[in-house]
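Taking it in order: structure first as structure tokens, then the write-up.
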Amino acid sequence: MVIRPLLALLLALAPSIALAQAPELPKLAVFEAATTPAAKRVFTDLKLDPGELTRQVEEGLRASRRFEVFERSRAVMEETIAAEQELASDQNFERSAVDFGKRSMVQFVVYPMVTFLNLSVRRSPMDEAPGRFRYVASGSVAVTTKVIDTTTGGIVYQATRETSLPAPNEVGKGANGPNDNAIVVSDAWRVMARVTAGQITNAVVGSLFPVQVMQASGADIFVNRGEGAGINVDDTFELYAVGEALIDPVTKEKLGEAETRLGEARVVRVT
């Protein structure tokens, strides 16, 4: 079937019709977010919890409906948390991740590390309300994420992403007292963690389950990605038709498929 260039992208996640026949989802665990020494000092100074990023990533991956996210019990947490915190400097991280995965019977381990964090708040008095203050937060965070396949020990995804606090934003909404700086800082980190987790979720899901067209209807297409998978209205994607396999003439190894660019697609609805 020939698919013509499309300008609009309509996203929908098809519901499962026969749950009994649904394939088993791959098991995945998210390691506690680690920090470099420089980033750790910022977290300590600002009294922030890097675990907020871990929770947001877990929620995003669970909402993607692509994985069975491993829920660590308190006993498992006590046994593994110390080892996880040491992985930032572990030269044999892949081996450690494989060992952890085999013990926990998970196929993939997601390991986020905060390499940089900058967060500041500016306070200014409200002319219209004496004794009240207006707070404006700004900042950015960089996170390196690895995904390890515990069955092979290989890194299936690795990338560093830098995220800035969205502007304008409603961080610290309602904070207007003289000593609300800590409230605004905490709220700003929560927002940055949520945005970063969305990007990580989309990248992890996309690396293991590429976005593919399920159905075309007029100028709209439906793809295998829905709410909670890090895709938002007005995001744009390049649309390709996949052709014949590309085979190395010497090694006979399959190197991918030929691709024909059809145009750009824009997200108009996510369900």
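As the structure is a prediction and not an experimental result, all values here were calculated from the model.
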- Item | Sole residue of T150, D149, I155 in side-chain contact (heavy atoms from CB on, under 4.5 Å) with T152 | D149
- Message: Suppose the criterion is salt bridge (charged side-chain N to carboxylate O under 4.0 Å, His left out): which pairs have a residue in residues 188-215, not counting sequence neighbours?
- Response: D187-R190
- Mind checking side chain to side chain contact (heavy atoms under 4.5 Å, CB included) for A38 and listing every partner two or more places apart, or none if nothing turns up? T36, R41
- Do I148 and V156 have side chains that get closer than 4.5 Å, going by heavy atoms? no
- Could you check V57 against T145 for side chain to side chain contact (heavy atoms under 4.5 Å, CB included), going step by step and ending with a plain yes or no? CA-CA 11 Å; V57 172; T145 305; over 6 Å; no
- Can you name the closest pair of heavy atoms from L239 and V213 and give their distance? CD1-CG2, 4.1 Å
- Item | P166 versus V191, closest heavy-atom pair with distance | CD-CG1, 4.1 Å
- Heavy-atom donor-acceptor pair, T196 side chain to A193 backbone, under 3.5 Å: no
- Pairwise distance CD(E32) to OH(Y111) - rounded to 0.5 angstrom: 11.0 Å
- Task: Return the set of residues passing side chain to side chain contact (heavy atoms under 4.5 Å, CB included) with D248 (not counting sequence neighbours), or none when no residue passes.
- Result: V250, T251, L255
- Quick one: closest heavy-atom pair of M192 and N118, and the distance? CE-O, 4.3 Å
- Task: Measure the CD-NZ distance between Q107 and K27 for me, rounded to the nearest 0.5 Å.
- Result: 9.5 Å
- Item | Residues forming a side chain to side chain donor-acceptor pair (under 3.5 Å) with Q212, sequence neighbours excluded | none
- Message: Would you say Y240 ends up clustered with F237 if hydrophobic residues are merged whenever their side chains have heavy atoms under 4.5 Å apart, either directly or through other cluster members?
- Response: no
- Query: To the nearest 0.5 Å, how far apart are OG1 in T201 and CZ in R62?
  - Reply: 11.0 Å
- Message: Using the rule that Ile, Leu, Val, Met, Phe, Trp and Tyr join whenever any side-chain heavy atoms are under 4.5 Å apart, tell me whether L262 and V211 fall into a single cluster.
- Response: yes
- Message: Quick check on the hydrophobic clustering: are L46 and V121 connected, directly or via other members, by side-chain heavy-atom contacts under 4.5 Å?
- Response: yes
- Rounding to 0.5 Å, atoms CG (L61) and CZ (F108) come to a distance of 11.5 Å
- Item | Residues in side chain to side chain donor-acceptor pair (under 3.5 Å) contact with E162, at least two apart in sequence or another chain | none
- Cluster overlap L53 with Y157, hydrophobic side-chain contacts below 4.5 Å: yes
- Task: Please confirm whether the backbone N or O of A182 pairs with a side-chain atom of S186, one donor and one acceptor, at under 3.5 Å?
- Result: no
- Query: Roughly how far apart are F222 CZ and M214 CE, rounded to 0.5 Å?
  - Reply: 8.0 Å
- Note on the structure: Residues T35 and P50: closest non-hydrogen pair is CG2-CB, 4.0 Å
- Item | Exercise: identify the closest heavy-atom pair between A33 and T54 | N-OG1, 2.8 Å
- Would R66 and L208 satisfy side chain to side chain contact (heavy atoms under 4.5 Å, CB included), going step by step from the backbone distance to the final call? CA-CA 9 Å; R66 292 289 182 175; L208 299 172; over 6 Å; no
- Using the test side chain to side chain donor-acceptor pair (under 3.5 Å), find all partners of D234 that sit at least two apart in sequence or belong to another chain. R266
With a 3.5 Å cut-off and sequence neighbours excluded, list the donor-acceptor pairs that the side chains of residues 133-144 form with protein atoms.
residue, atom, partner, partner atom, Å
R134, NH2, E128, OE2, 2.8
Y135, OH, G177, O, 2.5
Y135, OH, D180, N, 3.1
S138, OG, S120, OG, 3.3
T144, OG1, T160, OG1, 2.6

- Between CZ on residue F31 and CE on residue M113, distance to nearest 0.5 Å: 12.0 Å
- Item | Residues that F209 engages under ring pair (Phe, Tyr, Trp, His ring centres under 6.0 Å), provided they are two or more places apart | F67
- Query: Are the side chain of K47 and the backbone N or O of T44 linked by a donor-acceptor pair below 3.5 Å?
  - Reply: no
- Item | Contacts of K254 that satisfy side chain to side chain donor-acceptor pair (under 3.5 Å) - sequence neighbours left out | E257
- Message: Test: ring-ring contact (aromatic ring centres under 6.0 Å, His included). Region: residues 183-203. Which pairs qualify, not counting sequence neighbours?
- Response: F43-W189
- Note on the structure: Of all heavy-atom pairs linking P112 and V30, the shortest is CD-CG1, 4.5 Å
- State which residues pass salt bridge (charged side-chain N to carboxylate O under 4.0 Å, His left out) with E244; sequence neighbours excluded, sorted by chain then number. none
- Query: Thinking salt bridges, do R55 and E52 make one under a 4.0 Å N-O criterion?
  - Reply: yes
